[in-house]
Protein chains: 2
Amino acid sequence: MAPDPTPPAARRSTRQRAAVLTVLDSEEAFRSAQEIHLELVRRGDAVGLSTVYRSLASMSASAEVDTLLRDDGETLYRRCRGVTHHHHLVCRGCGATVEVDGPTVERWAERVAADHGYDEVTHTLEVFGRCSACRG
Amino acid sequence: MAPDPTPPAARRSTRQRAAVLTVLDSEEAFRSAQEIHLELVRRGDAVGLSTVYRSLASMSASAEVDTLLRDDGETLYRRCRGVTHHHHLVCRGCGATVEVDGPTVERWAERVAADHGYDEVTHTLEVFGRCSACRG
DNA sequence: TTCTTATCGGGAATGGTTGTCAATCCCGAT
DNA sequence: ATCGGGATTGACAACCATTCCCGATAAGAA
């Protein structure tokens, strides 16, 4: 096999990408691209909105950030601590998020799909509630 | 207590709402509002797009139809057979949908939320795969 | 039939997200 | 150091599902 003529698209490190990561790291809750962009501007470390979207998309593709679709269809992003597959318990009030594991659910999904002749199974599972802080 | 001065907003039965329901009843898979509107036009039983959205929204509110958010944020609708709470096993290829029950998952979600001090718990759970027909 | 008002329709407005493309910047090669 | 070219950026326009607006229409009660 001949050597690949196009070297593996080097991922350049830029101020913009770093800035987006910094905001994500300082944020506990899921945030929208628009919110992240606004925060960047507020910090005086502005990044173009297009670039924010592009950065988040590529980070999501490489599993560096998790995404979540809100009821109204807006996409939310969050830098997750755990590296393995997990789900989220999200507070409707403040967005505080807990990463939770659900091995039982994974197996359940697999079995249900197999029982009906489906393969290439994936699933989405998110739990929403109100945290103790927001209850006061 | 005085009698309610405003009688309970009678739900009128219109051609448009019936037309939307007819399309939903003839459809096995989840469909978008735009697709339903297009189908209505194709059948020569046109209904305004606004009205399609309004109908679907009210039917969704009264639990007559189930909704599902696609990855790109578009909302899909489907008239479900089961009346009780259930989840969906959806084929990525053709949209064929199976209603599945997950009592274990319900309890798991409740317990996880309670363990972290969350209340007013809800959850979303959808399983995606490829059905046997689409595998050929 | 007449009246009240829920409902309709269609075109404009909204708002998140993606596309465009010239200017700019990273980085390995010179 | 600096060169060159391809990746990356950013301002703006384009996109598109969904909602808003409001005058016209029609369902249902009297």
Side-chain angles (χ1 to χ4, degrees), chain A residues 3-24 30-62 64-65 67-78 95, chain B residues 3-24 30-62 64-65 67-78 95:
Chain A
D4 193 342
T6 61
R11 180 95 127 253
R12 296 182 180 172
S13 68
T14 65
R15 172 188 72 78
Q16 290 83 345
R17 200 187 300 272
V20 171
L21 263 185
T22 301
V23 168
L24 284 171
F30 275 89
R31 296 298 177 203
S32 70
Q34 308 272 351
E35 287 174 328
I36 292 168
H37 174 249
L38 209 64
E39 174 64 17
L40 250 3
V41 172
R42 199 164 57 65
R43 294 190 183 191
D45 197 8
V47 171
L49 183 56
S50 302
T51 303
V52 173
Y53 274 104
R54 270 190 297 248
S55 300
L56 291 171
S58 85
M59 290 176 193
S60 172
S62 60
E64 292 172 80
V65 303
T67 66
L68 187 59
L69 267 111
R70 205 165 48 190
D71 308 39
D72 66 356
E74 193 168 358
T75 305
L76 305 181
Y77 305 84
R78 177 175 188 269
Chain B
D4 192 342
T6 63
R11 179 95 128 256
R12 295 181 183 173
S13 68
T14 66
R15 171 187 73 79
Q16 290 84 346
R17 197 185 302 271
V20 171
L21 262 184
T22 300
V23 169
L24 283 171
F30 274 87
R31 295 298 177 203
S32 71
Q34 307 273 352
E35 287 174 328
I36 292 168
H37 175 248
L38 210 64
E39 174 64 17
L40 251 3
V41 171
R42 200 170 57 66
R43 294 189 183 191
D45 197 9
V47 171
L49 183 57
S50 303
T51 303
V52 172
Y53 274 104
R54 268 191 299 249
S55 300
L56 290 172
S58 85
M59 289 175 193
S60 172
S62 60
E64 292 171 81
V65 303
T67 66
L68 187 59
L69 270 146
R70 205 165 49 189
D71 307 36
D72 66 356
E74 194 168 356
T75 305
L76 306 181
Y77 304 83
R78 177 175 187 267

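Throughout, protein chains are lettered first and strands after them, A, B, ... in sequence-line order, and every chain is numbered starting at 1. All values below were derived from every heavy atom in this structure, side-chain atoms included, with hydrogens, water molecules and symmetry-related copies excluded.
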Look at the side chain of B:R54 and the base of C:dG9, then say whether one donor and one acceptor between them are separated by less than 3.5 Å.
-> yes
Within this structure, what is the CZ-to-P distance between A:R11 and D:dT9, rounded to whole angstrom?
-> 11 Å
Rounded to whole Å, the CG-P distance (A:L49 to C:dT17) equals 9 Å
What about B:S50, does its side chain sit under 3.5 Å from the base of D:dC20 through a donor-acceptor pair?
-> yes
To the nearest Å, give me how far apart CZ (B:R17) and P (D:dA27) are.
-> 13 Å
What integer distance in Å separates A:L40:CG from D:dA11:P?
-> 12 Å
Using a 4.0 Å heavy-atom cut-off across all strands, classify A:R15 as base, sugar-phosphate, or nothing.
-> sugar-phosphate
Rounded distance in Å - CG (A:L56) to C1' (D:dG10) | 16 Å
Classify the nucleic acid contact of B:S13 as base, sugar-phosphate or nothing, counting any heavy atom under 4.0 Å across all strands shown.
-> sugar-phosphate
Please work out if B:T75 contacts a base, only the sugar-phosphate, or nothing of the nucleic acid, heavy-atom cut-off 4.0 Å.
-> sugar-phosphate
Contact check, side chains of B:E39 and B:R31, non-hydrogen atoms, under 4.5 Å = no
What integer distance in Å separates B:R70:CZ from C:dG16:P?
-> 20 Å
Value in whole Å for how far the P atom of D:dA17 lies from OH of B:Y77 | 12 Å
